[in-house]
K.L.:
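Sending over a structure as structure tokens; questions will come in a sec.
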Amino acid sequence: VDRLNALNGKVPSLIALDAGLDVIHSDASWDLGLNSTFANLDDLEAYRVHPEHQAVVAIIKEICSARAVVDFVTSN
């Protein structure tokens, strides 16, 4: 969580990122949640391949057994 949150200010295309651990621990819960904001899909792609992000991805791949992802565009 700390490494994810530390990406704020390190990836130019990232407007905001907030990561946190699950506090409910229900059967439907995941261990960690991540919400990140980008101006557009090109900025999301720039974040996805950015070396700082890729370094965190490498760590997550070592400790993660499963993940779910939803990328969406708001109507704002």
K.L.:
When you group the ILVMFWY residues by side-chain heavy-atom contacts below 4.5 Å and let the links chain together, are Tyr47 and Leu32 in the same group?
P.N.:
yes
K.L.:
Any link between Val57 and Leu4 through a network of hydrophobic side chains (Ile, Leu, Val, Met, Phe, Trp, Tyr) touching at under 4.5 Å?
P.N.:
no
K.L.:
Walk me through it: do Thr37 and Thr74 pass the test side chain to side chain contact (heavy atoms under 4.5 Å, CB included)?
P.N.:
CA-CA 10 Å; Thr37 305; Thr74 63; over 6 Å; no
K.L.:
Looking only at non-hydrogen atoms, find the nearest pair between Ile15 and Phe38 and report the distance.
P.N.:
CD1-C, 3.6 Å
K.L.:
Decide whether Ile60 and Leu34 are clustered together by the hydrophobic rule: side chain heavy atoms of Ile, Leu, Val, Met, Phe, Trp, Tyr closer than 4.5 Å, transitively.
P.N.:
yes
K.L.:
If you draw a 6.0 Å radius around CG in Asn5, do more than 12 non-hydrogen atoms from other residues or ligands fall strictly inside?
P.N.:
yes
K.L.:
Evaluate the side chain to side chain contact (heavy atoms under 4.5 Å, CB included) criterion for residues Glu45 and Leu41: first the C-alpha distance (whole Å), next the side-chain angles of each, then the deciding distance (0.1 Å), finally the verdict.
P.N.:
CA-CA 6 Å; Glu45 178 61 16; Leu41 291 175; over 6 Å; no
K.L.:
Say whether, by atom type as modelled, one donor and one acceptor occur between the side chain of His50 and the main chain of Val11 under 3.5 angstrom.
P.N.:
no
K.L.:
Kindly give the heavy-atom pair with the smallest separation between Arg48 and His53, and that separation in Å.
P.N.:
O-ND1, 3.0 Å
K.L.:
Quick check: is Leu17 connected to Leu21 through a chain of hydrophobic side chains (ILVMFWY, heavy atoms under 4.5 Å apart)?
P.N.:
yes
K.L.:
State whether the side chain of Ser13 and the backbone N or O of Asp43 hold a donor-acceptor pair below 3.5 Å, judged by distance alone.
P.N.:
yes
K.L.:
Could you report the tightest heavy-atom contact between Arg3 and Val56, atom names first, then the distance?
P.N.:
O-CG2, 3.9 Å
K.L.:
Looking only at heavy atoms, which two atoms of Val1 and Ala19 are closest? And how far apart?
P.N.:
CG1-O, 3.4 Å
